[in-house]
Protein chains: 2
Amino acid sequence: MVDVHTDLLTAQALAERLLITAGVPALAAAQQAELLVVAEAKGMPSHGLLRLPRLLRRLANGTASPTSSGCHTWMSPCYLSVDGQQGLGPVVAVRALEAIVPAAEQYGVAVCSITNNNHLGMLGYYAGRMADRGLVCLGITTSEALVHPWGGTEAMLGTNPLALAVPARPPLVLDMATSQISMGKVHDHALRGVPLEPGWALDAGGNETVDPVAAKDGSIAPFGGAKGYGLGLGLGAMVTFLTGAAYGTAVGGTLDDDHLSNKGDLFILLSGGRHSATEYLDEVRRSRRADPATPVSVPGDGARARYQESVADGIEIADDLWRELTRLDAARPDAARREAVLAD
Amino acid sequence: MVDVHTDLLTAQALAERLLITAGVPALAAAQQAELLVVAEAKGMPSHGLLRLPRLLRRLANGTASPTSSGCHTWMSPCYLSVDGQQGLGPVVAVRALEAIVPAAEQYGVAVCSITNNNHLGMLGYYAGRMADRGLVCLGITTSEALVHPWGGTEAMLGTNPLALAVPARPPLVLDMATSQISMGKVHDHALRGVPLEPGWALDAGGNETVDPVAAKDGSIAPFGGAKGYGLGLGLGAMVTFLTGAAYGTAVGGTLDDDHLSNKGDLFILLSGGRHSATEYLDEVRRSRRADPATPVSVPGDGARARYQESVADGIEIADDLWRELTRLDAARPDAARREAVLAD
């Protein structure tokens, strides 16, 4: 299997066309498509176009709403509760974040808790946008039970990713799952036929495996041993407690076609920075290296560099996936009409 | 070297007497002593009485104020900025937290950022207290540059601990350094003459070492590889940005006798829980075990069990440390007066 080379604009336009054909308004389609394409451009294919065919199936069967952008209820002037009403993840989340920015600027802190929302995609995208506007952003989301506890062998936790961005030039943008790997990466490995690394996953029986297909039915290890497990469980319990979302094995809807998405999302914005982080982060970047050829990097540096490369040189998409997307594109009623017009 | 066995009340009274003799008011002395003794009781000697002789030297030389409890400035109704005025860490932090509890209950979220405050001790103590009152608590504090970046070999980050507590019966209370180990643990190993484990630390030259004395002059590894490094740096940059505290190698005052403490502390409280976490955490505890003899535990379970054992059975204090404390106790002017009275 070879990858297909394309450029960002082509990929973005393709994703937008497919979403618009599925009934998504143009602006919302652009937002959703951007999340997927930027993930590809930043080197996170697990959160990229791989997710689009599922999203289209969900739009087709009603588990994702093409038009919802969430119902906003202010619990206080700086705490927004959002019922996502099964909208597209980025559409609901961007609207919620934009709504709390003024509150964060006025009160120093603001929160949005979101339920009934589809997959957000790459969390660092949201956090980075907020940091560009001078705000600290902490974003947490729960997900299907895929990760086994430290000392356990059964999938009981989501991969519960965490994004943290701190304003600086350039900002620090941390975006990490609290698992060794994301299930998106397992799927990507399965799609590409590449084995997992040892220690990443257990099969359904609780035994170690490097087979991504067996891992899909088993569980992923938490990152960083007991601490990473504690962090993932703590963040998941926090989001569940605050949002009222489903927990543990009852969570569904981000990795399947037909369950309503019942996980929770939480964002905390903080303003009032008193001390630029730029100088400190630059000191860290300049500090003594373990490998003389590789400078010390700050979270976000790698993704930023890959994004700039992708803007200049384009991206590689797995061949199977690209074929599926272009087949869907060719099958659009619009495409048929356009070909008919051209044939006239 | 053998450990000395004592009970919690004896240890608490000893610590209180020493602090009161150093000029600390009784209630503040009880708060500071409690942080140290509870750490011992929970099995975290690195944050226990080991810290008391240093604290007494700091009180003696003026780098810790016996009477400050912090100067409070409300930046908004839910954002409190605290100048700790070099008070004792727990005295300043408990007062700040108590001040923002009503705001968190009213607004759903409240923050206190603290500067110029001495060492907080065990962060989980504060978070657990808040969870007992139905609030989610996220606590972060920075510290001296002791941790090397992932891909670096020089101490550039604090061990930047994180506490996260979520209300439940019993609550989840996560309390972890973002380093493989805390520098307190390195000191405790040095005190007890126990080598470190491989992979925990580098010496001053950037080479791996298991010698705790060499590690004191070198650096500690971040936990969990690149992710743990990213988390520790992100949390540190966030606290520095928001508090205006010192960063990186400019931080001092929690591991020395004579520098003013210039790190930052940040607490975020969240209220409005909609979904008990108890049932979920119990499901995790009951889930399939890697070792049939060891149940899966939730953060805080181990510390809670150790605390209950310590209440019943007492605690073990390193012999050298206990001798130092009892020597200081015997040397108190009060002690001399009491003996003179008894001799009359």
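Computed from a predicted model, the values in this text were never measured in an experiment. Numbers restart at 1 for each chain; the letters A, B, ... are given by sequence-line order, proteins then strands.
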Between B:Phe223 and A:Phe223, how do the two ring planes meet: parallel, tilted or perpendicular, split at 30° and 60°? tilted
Is there side-chain contact between A:Leu281 and B:Leu233, with heavy atoms separated by less than 4.5 Å? yes
Step-by-step side-chain contact (heavy atoms from CB on, under 4.5 Å) determination, A:Arg274 to B:Thr243: CA-CA 6 Å; A:Arg274 299 177 174 205; B:Thr243 62; 5.7 Å; no
Note: B:Arg288 and A:Thr153 closest approach over all heavy atoms is NE-OG1, 2.6 Å
Take atom CH2 in A:Trp200; do more than 12 heavy atoms of anything else shown fall under 6.0 Å from it? yes
Output the distance between atom CH2 (A:Trp150) and atom OG (B:Ser297), rounded to the nearest 0.5 Å. 11.5 Å
Got A:Tyr229 and B:Val296 here, is their nearest side-chain heavy-atom distance under 4.5 Å? yes
One option among A:His148, A:Met75, A:Gln106, A:Arg289 has the most heavy-atom pairs under 4.5 Å with chain B, and it is A:Arg289
With rounding to the nearest 0.5 angstrom, report the CD to CZ distance, A:Glu154 to B:Arg286. 11.0 Å
Give the minimum heavy-atom separation between B:Met156 and A:Glu283, together with the two atoms involved. CE-O, 3.5 Å
Let me know if B:Glu279 has heavy atoms under 4.5 Å from chain A in its side chain, its backbone, both or neither. both
What distance separates A:Met238 CE from B:Cys137 SG, expressed to the nearest 0.5 Å? 9.5 Å
Under 4.5 Å from any heavy atom of chain B, what part of A:Pro167 do you find: side chain, backbone, both or neither? both
Counting heavy-atom pairs under 4.5 Å with chain A, the top scorer among B:Ala145, B:Ala168, B:Ala245, B:Pro222 is B:Ala245
Quick check for you: among A:Leu157, A:Leu202, A:Leu164, which has the greatest number of heavy-atom pairs under 4.5 Å with chain B? A:Leu164
Among A:Pro299, A:Ser287, A:Ala277, who wins on heavy-atom pairs under 4.5 Å with chain B? A:Ser287
With only heavy atoms counted, which part of A:Leu242 is less than 4.5 Å from chain B, the side chain, the backbone, both or neither? both
Side chains of A:Tyr280 and B:Phe241, heavy atoms from C-beta outward: is any pair under 4.5 Å? no
In terms of heavy-atom pairs under 4.5 Å with chain B, the winner among A:Gly224, A:Ala110, A:Gly228 is A:Gly224
Does any part of the side chain of B:Val166, heavy atoms only, come nearer than 4.5 Å to the side chain of A:Thr240, both counted from C-beta? no
A:Leu174 versus B:Lys227: any side-chain heavy-atom pair under 4.5 Å? no
Chain A interface, residue from B:Asp291, B:Leu162, B:Thr294, B:Leu270 that has the most non-hydrogen pairs under 4.5 Å: B:Leu270
Between A:Pro295, A:Gly108, A:Ala290, who has the most heavy-atom pairs with chain B when the cutoff is under 4.5 Å? A:Ala290
Which of the residues A:Ala226, A:Ala165, A:Gly234 is involved in the greatest number of heavy-atom pairs with chain B at under 4.5 angstrom? A:Gly234
Tell me, side chain or backbone of A:Val173 under 4.5 Å from chain B's heavy atoms, or both, or neither? neither
Based on non-hydrogen pairs under 4.5 Å, which of B:Ala250, B:Ala237, B:Gly272, B:Gly206 is most in contact with chain A? B:Ala237
Would you compute the distance between atom CD1 of B:Ile140 and atom CG of A:Leu138 and round it to the nearest 0.5 angstrom? 7.5 Å
When you look at B:Val109 and A:Tyr107, which way does the side-chain contact (heavy atoms from CB on, under 4.5 Å) test go after all the steps? CA-CA 10 Å; B:Val109 62; A:Tyr107 288 90; over 6 Å; no
What option among B:Gly225, B:Ser276, B:Gly236, B:Ala177 has the most heavy-atom pairs under 4.5 Å with chain A? B:Ala177
